[in-house]
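FYI, side chains are in, hydrogens and waters are out, and symmetry mates aren't considered; it's all heavy atoms of this structure. Residue numbering restarts at 1 for every chain, and letters A, B, ... go by the order of the sequence lines.
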Amino acid sequence: MAAHGTIAVTQPRRVAAINLAKRVAEEVGTPIGQKVGYSIRFDDASSRDSLIKYMTDGIMLRELLSDRLLLRYSVIILDEAHERTLRTDILFGMVKSIQKQRQDMIEQGRRDVQPLKIVVMSATLDAEKFSEYFYNAKIMYISGRMYPVKILNTVEPQSDYVDSALVTAFQIHQEEAPGDILIFLTGQEEIENLEKLIEEYATDLPPHVGKLIPCPIFAAQDSTTQQRIFEPAPPGTRKVILATNIAETSITIPNIRYVIDTGCHKSRGYNAKIGIESLLVEPISKSSARQRMGRAGREAPGICFRLYTEDAFDELEEDAVPEIKRCNLESAILSLKATGIDDVTGFDFMDRPPKSGMLRSLEHLYALEALDDEGKLTEIGKKMAAFPVDPPYAKVLLQSEKMECTKEAIEIISLLSVDSIFSSPSAKREEANEARQKFVSLDGDHLTLLNTLRAYESVKGDRDWCRENFINSRHMRHVIDVRKQLIQFCERSGMDPKRTCGQDLEIVLKCFLAGFFQNTALLQPDGTYKSVIGGQTVSIHPSSSLFGKKREAIMYNELVFTTKHYIRGVSALESAWLSQAAPKYFGRRQA
DNA sequence: GAGCACTGC
C-alpha cells in the first residue's frame, strides 16, 4: 500500500473512469495500471501501489462490503455529484459516516488509522447544499472552459416539437454557417420518425444547397451503427444528429455548432405506493437545458435553439429529482444492510427517499428471505448481497443449487440483466421478427433467450451471424462477461456453476419463481392478464415471444408503465406452481 | 403493436 493511502476518484460511468485514468497517467508519464489506475466491472487496471485509482461508484460500493472503513483510501473524490445517481447518493452517506468513525478511532489513539479527506465535485449551482451536508465543508469554485453559446427561445409555445425541430433544422441548414446540428429527442420512435421526415424534406432542397444528412443515435443501437455519428460529413454537406439523452452526458459528438433542445426527455419514475415503475416523457430541468446548450460550444461559439418559450424555461425545476427519490430501493437497501447499517430508515441521506418506497423494499427483501422478522440480514441475505445482480436474481441463483439448474439460471440471468440482445430498427421490423422466430420457445422469453445464447455460441459469436439475425453483438458480449463473472461468484460461494437440468427446462422456470413470485399474472375470462399481487391489468410487451398468446399463468421480469402497463421478459407457468413458490410472502412487515 | 440513461471487487 502507498505510504499515505490511495486517492480514490469515483465516476458514475465506466468510460469516464477509463478515460480520466488514461489522461492522468499520460500527464504523469507512467503506464496505466501502476501509479495511476482504474477499476470498473470486468476490467481492473489498478494495483496495490496505485496512488490514484479511478473507479465507478458501483465498484466503491462493492469494496465497502469487504472494507467497511475504506482504510486503503486516504482521500475520496466523488465526481459528477450533481447527477445525483442512486449510487453517488448512497456513497455520500457512507463516506460521511466513515470519516466520522475514523476520526473517532484516531481520537481514541489508534495510530494505524488515517483521517479521511472527502472532495465532492459538482457542476451544480447550489454548492451550499453539498457543503451543509458535509459539516459546512469549504467550497472552491473552478470555472469551466467553453465558447459562448447564443440562446434563442421560441416566442410561442410549440404544440409539436418534432415538427418544430424539423423546421428549425432546415432553417439552420439554409441560413447559418457550417457546423453540425444536434437535436435532443426523447426516444427511438421519435428519432426514427424525424429521420424519415428529414430525408423526405431534404430531397426538396434547392440544388445549390448542400445535403442535410440525418444521423440517429440511441443506446439500443448496435456499435457499428453508433460509430457512424463520428464520421465527418462529406464536404458541402451537413450532419444533423438525432439523439436521446445519451448525447447529454455519455457520448461527446465532435463538430456540433447548433443544438436544438426540445425541452423533454424520457424519465424513469417509480410510484412507491403501488410499487410500479414508469417511463414517461417529461420536461427537463434547467441544469439539463444548460448541459444540452453547452454541447454547441465545445469547439467554437454556437447557437442553442430552445423549442420552448423563455417563460417555460423559467418554470422548469432547477435540478432533476435525485434518482434515490424515484427508484426501486431493494438493491440499495440490501447493500446498506450488508455493510452493517441495520437502521436504514435512520440513514443519513442527503435527500430522503419516500418512506413508502423504503417499506416496500424492506417487505420485498423479507419476502425473498433476505431479512428476518426483525429486519436483520439473514444468511440468505448475506449471500444475496454478495452477488453483482439485483436481489430477485440473486435469490434465483441460490435457489438453483437446490433445483439443480445453476448453469441455466446463470445463463438466463445474464441474458435478462443486460439491455435487450434483440435489435429492432423500425425500418426492418418484419425482417427482424422473422429472424427471431427460429429461437422462439413456446414457454416464453426465458427459454427463447437461452436458445438464442446457445445459437450464438454455436457460431462462436460471429459478427455477421449477429447482423443477419438482428442480434446486438455488443449486448451479447456483455452477456458473456456477466456469465463469466457469475460463474466465478458461484464458485467462490461454494456452488457448482456447471450443475445442469439438461433437457428438463421446466425446472428453470420454477426456479425463477423463487425470485419472481410477485411478478406473476393470471389470464382473465376476457382474455386480459391481471397481476396476482395488486390486481393490476398488465399487457405483454410486443417484443415478447408471448405477445398475443393466452396462457393460464405467466411470470414476468419487469413491469413498466408507458402507454400501458407493459410486462417484459415473460414466460408461461402452470398456476399450480404459484402456491408452492412463496409461502412467506404474506408474512408481517418489519422495518 | 413498442424501452431515456447509467451501474455491479
Please report, rounded to the nearest Å, how far the [atom2] atom of [N] is from the [atom1] atom of [X].
X         : N      : atom1 : atom2 : answer
Phe561(A) : dA2(B) : CZ    : C1'   : 14 Å
Ile251(A) : dC6(B) : CD1   : C1'   : 12 Å
Ile567(A) : dA2(B) : CD1   : C1'   : 14 Å
Glu63(A)  : dT7(B) : CD    : P     : 17 Å
Ile18(A)  : dT7(B) : CD1   : C1'   : 13 Å
Asn245(A) : dC6(B) : CG    : P     : 10 Å
Asp57(A)  : dC6(B) : CG    : C1'   : 9 Å
Phe489(A) : dG8(B) : CZ    : P     : 11 Å

In terms of side-chain heavy atoms of [X], which of [options] is nearest?
X         : options                : answer
Phe218(A) : dA5(B), dT7(B), dG8(B) : dA5(B)
Arg87(A)  : dT7(B), dG1(B), dA2(B) : dT7(B)
Arg13(A)  : dG8(B), dT7(B), dA2(B) : dT7(B)
Asp390(A) : dC6(B), dG8(B), dA2(B) : dG8(B)
Thr56(A)  : dT7(B), dC6(B), dA2(B) : dT7(B)

Any ion pair linking [Y] and [X] (charged N to carboxylate O, less than 4.0 Å)?
X         : Y         : result
Glu192(A) : Lys196(A) : no
Asp351(A) : Arg84(A)  : yes
Arg290(A) : Glu318(A) : yes
Arg295(A) : Glu248(A) : no

Step-by-step side-chain hydrogen bond (donor to acceptor under 3.5 Å, both in side chains) determination, Ser287(A) to Asp319(A) = CA-CA 6 Å; Ser287(A) 47; Asp319(A) 293 294; 3.0 Å; yes

Applying a 4.0 Å non-hydrogen cut-off, can you work out what [X] is touching in the nucleic acid: base, sugar-phosphate, or nothing?
X         : answer
Leu279(A) : base
Gln485(A) : sugar-phosphate
Thr85(A)  : nothing
Val389(A) : base
Leu61(A)  : nothing
Ser331(A) : base
Arg429(A) : base

Does any N or O donor sit under 3.5 Å from an N or O acceptor when you compare the side chain of Arg41(A) with the base of dT7(B)?
-> no

Looking at Arg62(A), does any N or O in its side chain come under 4.0 Å of the phosphate oxygens OP1/OP2 on dT7(B)?
-> no

Side-chain N or O of Ser250(A) closer than 4.0 Å to phosphate OP1/OP2 of dA5(B) | no

Nearest atoms (heavy-atom pairs only) where Asn557(A) meets Asn519(A) = O-ND2, 3.5 Å

Pro497(A) and Thr406(A): which non-hydrogen atoms are nearest, and at how many Å?
-> CA-CG2, 3.8 Å

Residues forming a side-chain hydrogen bond (donor to acceptor under 3.5 Å, both in side chains) with Gln101(A), sequence neighbours excluded = Ser97(A)

Between Ala220(A) and Asn433(A), who's closer to the 5' end of DNA chain B by nearest nucleotide?
-> Asn433(A)

Between residues 185-198 of chain A and DNA chain B, which residues have a heavy-atom gap below 4.0 Å?
-> Thr186(A), Gly187(A), Gln188(A)

Glu317(A) atom CD, over 12 foreign heavy atoms within 6.0 Å = no

